[in-house]
Visitor: 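Here it is: the structure, laid out below.
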Amino acid sequence: MAERREFAAVGIPKLRDEVQHLIDTRPAFDADPDQVRWFGTEVPREILSSGLRSLAARAAYVAVNEREIVIVTEGMGGWRAGYLILPSGSTRVPKFSRRIADGIYYVTSTSTIGG
């Protein structure tokens, strides 16, 4: 419940629009191989919108790929988990995920990310 309130406070439709913007602008910072992470390419914090930045304040990093972003909150070794946010209009449901709200899921590295 608390998760849902945090996302709702920022505005779920607004967040999903901001995710689409990050996906669209990803090529600008995607070329740096040092930024490639488990779920995608790490997004420099300074380019995150204020809503995403507030949600990611305690996160390890935010990653973007061609279909979604993941706010990575936990990880040791090869295991990773976080909040996957799909862009507006996407209805994909990641396998082995827990739904928080429309287009927002809690996922782990065993979830089908990008697939």
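None of the values given here were measured: they were computed from a predicted structure. Basis for what follows: all heavy atoms, side chains included, without hydrogens, waters or symmetry-related copies.
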Visitor: If you measure from OH on Tyr83 to CD1 on Ile104, what distance do you get to the nearest 0.5 Å?
Guide: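 These two atoms lie 10.5 Å from each other.
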Visitor: Return yes if some donor-acceptor pair links the side-chain N/O of Arg99 with the main-chain N/O of Tyr105 below 3.5 Å, else return no.
Guide: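 It does not hold such a pair.
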Visitor: Can you tell if the side chain of Tyr61 reaches within under 4.5 Å of the side chain of Ile71, non-hydrogen atoms only?
Guide: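 Sidechains of Ile71 and Tyr61: no contact.
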Visitor: Could you give the distance from CG (Leu55) to CG (Leu48), rounded to the nearest 0.5 Å?
Guide: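 Output value for this atom pair is 10.0 Å.
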Visitor: To the nearest 0.5 Å, what is the distance between CG (Asp24) and CD (Glu66)?
Guide: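 Going from the CG atom of Asp24 to the CD atom of Glu66 covers 12.5 Å.
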Visitor: In plain terms, say whether Glu3 and Arg98 are close enough for a salt bridge, that is, a side-chain N and a carboxylate O under 4.0 Å apart.
Guide: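 Yes, Glu3 and Arg98 are salt-bridged.
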Visitor: Could you tell me whether the side chain of Ile85 reaches within less than 4.5 Å of the side chain of Leu52, counting heavy atoms only?
Guide: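 Yes, side chains in contact.
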Visitor: Mind checking whether Gln20 and Ile23 have side chains closer than 4.5 Å, heavy atoms only?
Guide: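 Result yes, sub-4.5 Å side-chain heavy-atom pair found.
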Visitor: Can any side-chain N or O of Arg45 pair as donor or acceptor with the backbone N or O of Ala56 at less than 3.5 Å?
Guide: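 Flag set: sc Arg45 to bb Ala56 pair under 3.5 Å.
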Visitor: Does some side-chain heavy atom of Leu22 sit less than 4.5 Å from a side-chain heavy atom of Ile47?
Guide: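 Of all side-chain heavy-atom pairs linking Leu22 with Ile47, at least one is under 4.5 Å.
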Visitor: With rounding to the nearest 0.5 Å, note down the distance linking CD1 in Ile69 to CZ in Arg16.
Guide: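 One gets 11.5 Å once the value is rounded to the nearest 0.5 Å.
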Visitor: If you round to the nearest 0.5 Å, how far is OG1 of Thr91 from CG of Leu86?
Guide: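 Nearest 0.5 Å value for the CG-OG1 distance: 8.5 Å.
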Visitor: About how many Å separate CZ of Arg92 and OG of Ser97, when rounded to the nearest 0.5 Å?
Guide: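 It comes to 8.5 Å.
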